[in-house]
Amino acid sequence: MKPIYSSIPVELCVYGLTKSKTNHLKLLVYLKHIASGHVRYDSSLYKCWAVDLEVSERWIREAVAWMIKQQWITVNNKKKSLRIVSYLQICRKLKFKSNLAAKFEDDDFSSFKNFCCGVAFTYYLRRKNWMDKNRRSVSKMADTSKNRNRNPKGYSTLPVRYFAQCLGVSAATANNFKKCAQASGWISVKRQIASLYDSADNQICKDAYCVFLHAESGI
């Protein structure tokens, strides 16, 4: 049997983390997994969903109401069904700009938050690498290559504070997300001291993390 998967927009994963709506996104993905765009609008199903997602039936009820209000799902009273809104429609509503998506193939939703953390960490690390590469001028190649060579082979640097600024969260929260990303298997981390230097060879970062991205990360 062909595995079921969802290509979840990266910015939607970030939204779930920063707005504390990871479980709501998990419910949306779950409904997409078990239905082909529509599901019977029957509160008796809430108990089954709650068991599968390891949450309370009351939370499912409240989450469905929230998702209807936010138009993540819509109600067809005539057919007594719920229509699961597409990721594209949700992204347009939230005015997201990136078209990047990550493939979620796991049928075990217990690690869904870790998945979202892995997606977010991977996205911002790659974006930082791209921005650094485009800022790099020919006259500064020697200095930047020196910084880069201080990293272990196959690793890139993403300070937790930089990650926190990208997400608009505290450094402690960003660090917790980093640990979840490690738990998901998307990244492996090595701590590196005094790894970044400016063009005058002055130390500008005392404590950074070098992150290796697995090829199967899916972004």
Side-chain angles (χ1 to χ4, degrees), residues 3-34 48-56 59-60 62-63 66-67 70 72 84 87 90-91 94 96 98-129 152 154-192 207-219:
I4 298 175
Y5 69 88
S6 287
S7 293
I8 308 173
V10 168
E11 287 190 277
L12 195 54
C13 293
V14 174
Y15 174 89
L17 290 171
T18 58
K19 302 298 183 181
S20 300
K21 296 300 179 184
T22 308
N23 279 343
H24 294 74
L25 178 57
K26 177 170 67 173
L27 176 58
L28 179 74
V29 176
Y30 169 79
L31 293 175
K32 287 181 176 291
H33 275 215
I34 65 171
C48 296
W49 301 350
V51 171
D52 287 348
L53 297 178
E54 299 179 345
V55 295
S56 70
W59 182 88
I60 292 288
E62 293 174 350
W66 182 88
M67 293 168 72
Q70 299 300 316
W72 285 24
I84 315 305
Y87 294 130
I90 294 174
C91 288
L94 295 174
F96 293 154
S98 175
N99 293 321
L100 290 176
K103 185 181 290 186
F104 180 76
E105 296 181 281
D106 198 347
D107 59 358
D108 179 7
F109 284 84
S110 62
S111 60
F112 186 77
K113 182 179 179 179
N114 290 354
F115 165 82
C116 289
C117 291
V119 169
F121 208 91
T122 301
Y123 171 65
Y124 284 110
L125 177 61
R126 288 184 171 174
R127 192 178 76 165
K128 179 177 179 296
N129 286 344
Y155 283 72
S156 299
T157 303
L158 183 69
V160 167
R161 289 190 180 278
Y162 177 89
F163 183 45
Q165 290 174 358
C166 290
L167 295 175
V169 300
S170 68
T173 297
N175 192 51
N176 287 334
F177 289 163
K178 176 188 70 68
K179 291 178 180 178
C180 288
Q182 287 178 262
S184 71
W186 276 54
I187 64 173
S188 61
V189 177
K190 285 186 178 181
R191 190 168 185 174
Q192 188 176 32
D207 192 356
Y209 289 91
C210 295
V211 183
F212 173 75
L213 299 179
H214 294 287
E216 63 270 25
S217 60
I219 294 180

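The two atoms that bring V160 and A171 nearest to each other are CG1-O, 3.5 Å, heavy atoms only. Closest non-hydrogen pair, A102 versus V10, comes out as N-CG2, 4.4 Å. Nearest heavy atoms, D108 versus S110: OD1-OG, 2.7 Å. Residues T18 and L167 approach most closely at CG2-O, 3.5 Å, considering heavy atoms. In terms of heavy atoms, A164 sits closest to S170 at CB-O, 3.7 Å. The minimum heavy-atom distance between F109 and K26, with the atom names listed, is O-CD, 3.3 Å.
Within the 4.5 Å cutoff, the side chain of F115 has no heavy atoms near those of the T22 side chain. For the pair L53 and N23, the minimum side-chain heavy-atom distance is 4.5 Å or more. Two residues are said to be in side-chain contact when any heavy atoms from C-beta on lie closer than 4.5 Å; L17 and K113 meet this criterion. For the pair V55/L27, no side-chain contact is recorded, criterion being any heavy-atom separation below 4.5 Å from C-beta on. Taking the side chain as every heavy atom from C-beta outward, E11 and C91 never approach each other to under 4.5 Å.
Two rings, from W72 and H24, have their centers 6.0 Å or more apart. Side-chain rings of F121 and F177 stay apart, their centers remaining 6.0 Å or farther from each other. Taking the six-membered ring for Trp and the full ring otherwise, the centers of Y30 and F104 sit at least 6.0 Å from each other.
A donor-acceptor distance shorter than 3.5 angstrom exists from the side chain of S56 to the backbone of W59, with no hydrogens or angles considered.
Cation-pi geometry between K128 and Y162 is met: the NZ or CZ atom falls under 6.0 Å from the ring centre, inside 45° of the normal.
Under the salt bridge (Lys or Arg N to Asp or Glu O under 4.0 Å) criterion, E62 pairs with R58, not counting sequence neighbours.
Shown here is R127, whose CZ atom has more than 12 heavy atoms of other residues, nucleotides or ligands within 6.0 Å.
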